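Shown next, in structure tokens, is the structure this report addresses.
Below, chain A is the first sequence line, B the second, and so on; all start at residue 1. Just so it is clear, the structure is predicted and the values come from calculations on it, not from any experiment.
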There are 4 protein chains.
Amino acid sequence: MINIQIVTGDSRPIFKQIVDGLRMEIAQGNLPTGTKLPSVRGLAMQLTINANTVAKAYAELTSQGLLEARQGLGLFVSEPRQLLSEEEQEKRLTGAVDAFANEIAYLEFSDQEILERVEAALTKLGKGAPENGTKRG
Amino acid sequence: MINIQIVTGDSRPIFKQIVDGLRMEIAQGNLPTGTKLPSVRGLAMQLTINANTVAKAYAELTSQGLLEARQGLGLFVSEPRQLLSEEEQEKRLTGAVDAFANEIAYLEFSDQEILERVEAALTKLGKGAPENGTKRG
Amino acid sequence: MINIQIVTGDSRPIFKQIVDGLRMEIAQGNLPTGTKLPSVRGLAMQLTINANTVAKAYAELTSQGLLEARQGLGLFVSEPRQLLSEEEQEKRLTGAVDAFANEIAYLEFSDQEILERVEAALTKLGKGAPENGTKRG
Amino acid sequence: MINIQIVTGDSRPIFKQIVDGLRMEIAQGNLPTGTKLPSVRGLAMQLTINANTVAKAYAELTSQGLLEARQGLGLFVSEPRQLLSEEEQEKRLTGAVDAFANEIAYLEFSDQEILERVEAALTKLGKGAPENGTKRG
DNA sequence: GTGGTCTAGACCACT
DNA sequence: GTGGTCTAGACCACA
């Protein structure tokens, strides 16, 4: 059973919430390579949303290389691989950092406080563990 | 003369870039309390964008209390005051950190690399001065 | 006016025909960087198909980095850039070559004939011109 | 024993992989005219796939004239004969070349690199023997 | 007017 | 039953 929460008050569209939620689950190792995902219609029923919305989220993750479809069988978590060129990764990191900085610029938190929060969030993703050097679980 | 950069490649809509840009200018003291802002049409011409877009940004900032209208005279930078409760600020920081972490979870950067980038971005914003504005420690 | 033909007898889905058609037009330099594309609804009317189908094709090209949306203004041909890692490019080339070879394996053409056809098709795309080294027009 | 590889990561559906694989084996002479094919269930077990999928592949090849059923005895490789007109072959080659060129147009490989890959793939298929089967010079 | 999102419902190919 | 495609029609944010 996939554990995803759809929040109607969220600024993100529904399909994005699913994409983010599943990406997080995969990053944290809760959905290891080869795991079968719930069917489009099944997850749609579970979340009480339209099947097309789930299909859109799955399609997004498939194009990102995190999932792969086996015809008539369903969708599965695929072998992790890096789709993006270094240049593109650099660009996305810079964009994300800038957006984040802008988002919190007007809040009254110290740099140290913010950095600690970010570090905690990154650690939760299981990234950067020096003892094995892998990015996922 | 207001110094704001509009970037078409940015993921933020233009009005949001103006809001963020002006908020930054005010936070950094480049636009002290009482400064008159350029007219909607004037700023629109300067940035070569639609006047409605500037108006929307001004409306947003006014409703947030950073600007105030003086009938027939234009918009002015208002007296600084804290509009967001601690609870609200906490919520926004948590949301921003989570969104940021998710955004970069799949990129091949180490925690250290990411933290350095974030720190650099925060420093660039002129935040973190220990003499004021911190909520903890 | 974009010149795309939708063939109902084609094995490719409609949105894929649009993606391929536009990618070809861009690759051949008929749609230089910065060109505004016809609106989703406009192209849908022109091709007498559903607007969602056009939107899906545009979304695909946007995620591939060939187009970029400017909110409220429309879609534009973006600066060419390489989104994919070398590893991923290698994988896709190998896949395409294998699929192509399988597709024509049972036809009675000589290797030389086939290679000439492929070379002609590549030349038509304006690739590999040694005098400037760029991939696009 | 039929020697076919089913690749789950392949873009082609499984039944197509079987069709292509068997056509290849027949073209290369590994399955001469009159050879009895394994039963639907036997091949399905060997490849660990659904029997319906094998049946569909066999039906496809039978309708194409490469296999023929002998009542109660099973399926056999049939007498080779040319089923496709020159016009049809020409059409398929052109289609395949166009699709291939489009597929790789956006990758950063030189024409020469691509042609070498194609040539290698064709050579591997054992095609291009000059003593027969060429349509032109 | 522009693209983006979502719903509802249908049909198809594949297993 | 599975995902993929397409249609029709609605609503929203942005310029």
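Residues meeting the salt bridge (Lys or Arg N to Asp or Glu O under 4.0 Å) test with A:Glu68, sequence neighbours left out: none. Partners of C:Arg12 under the salt bridge (Lys or Arg N to Asp or Glu O under 4.0 Å) rule, at least two apart in sequence or in another chain, are C:Asp10, C:Asp20. C:Ala69 is linked by a side chain to side chain contact (heavy atoms under 4.5 Å, CB included) to C:Leu75, counting only residues two or more places apart in sequence or in another chain. Scored by the side chain to side chain contact (heavy atoms under 4.5 Å, CB included) test, D:Ile6 finds D:Ile4, D:Ile14, D:Gln17, D:Ile18, D:Leu47 as partners (sequence neighbours excluded). A:Asn30 pairs by the side chain to side chain contact (heavy atoms under 4.5 Å, CB included) definition with A:Glu25, A:Gln28, not counting sequence neighbours. With sequence neighbours excluded, no residue forms a salt bridge (Lys or Arg N to Asp or Glu O under 4.0 Å) with D:Glu60.
Applying a 4.0 Å cut-off to non-hydrogen atoms, the residues of residues 42-61 of chain B that approach DNA chain F are B:Asn50, B:Thr53, B:Lys56, listed by residue number. The stretch residues 10-22 of chain C has no heavy atom under 4.0 angstrom from DNA chain E at all. Taken residue by residue, residues 69-77 of chain C places heavy atoms nearer than 4.0 Å to DNA chain F at C:Gln71, C:Gly72, C:Leu73.
Proximity of a side-chain donor or acceptor of A:Asn102 to a complementary backbone N or O of A:Asp98 within less than 3.5 Å is detected. Here the side chain of D:Ser78 pairs a donor or acceptor atom with the backbone of D:Leu66 at under 3.5 angstrom. Counting only distance, with no hydrogens or angles, the side chain of C:Gln46 and the backbone of C:Ile2 share a donor-acceptor pair below 3.5 Å. When atom types are taken as modelled, the side chain of A:Thr62 and the backbone of A:Tyr58 share a donor-acceptor pair closer than 3.5 angstrom.
Protein chain B contacts DNA chain F from F:dC14 to F:dA15, reading 5' to 3' and using non-hydrogen atoms of the protein with a distance under 4.0 Å.
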Requested in this report: Determine, step by step, whether D:Tyr106 and C:Gln64 satisfy the side-chain contact (heavy atoms from CB on, under 4.5 Å) criterion, reporting the C-alpha distance in whole Å, the side-chain angles of both residues, the deciding distance to 0.1 Å, and the verdict.
Outcome: CA-CA 10 Å; D:Tyr106 64 103; C:Gln64 288 180 10; 5.6 Å; no
Query raised in the report: After noting the C-alpha distance and the side-chain angles of B:Leu107 and A:Leu84, does the key distance pass the side-chain contact (heavy atoms from CB on, under 4.5 Å) rule?
Result: CA-CA 8 Å; B:Leu107 300 178; A:Leu84 302 176; 4.3 Å; yes
Query - Trace of the side-chain contact (heavy atoms from CB on, under 4.5 Å) decision for A:Val97 with A:Thr94 - result: CA-CA 5 Å; A:Val97 169; A:Thr94 303; 5.9 Å; no
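DNA chain E forms stems at E:1-14 with F:1-14, each a run of 3 or more consecutive Watson-Crick or G-U wobble pairs whose two key distances fall under 3.5 Å.
Between C:Arg81 and C:Gly65, the shortest heavy-atom distance links the atoms NH2-CA, 3.9 Å.
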I'd like a table of donor-acceptor pairs (distance under 3.5 Å, sequence neighbours excluded) in which one partner is a side-chain atom from residues 31-43 of chain C, with atom names and distances.
unit_1  : atom_1 : unit_2  : atom_2 : d
C:Thr35 : OG1    : C:Pro32 : O      : 2.5
C:Ser39 : OG     : C:Gly42 : N      : 2.8

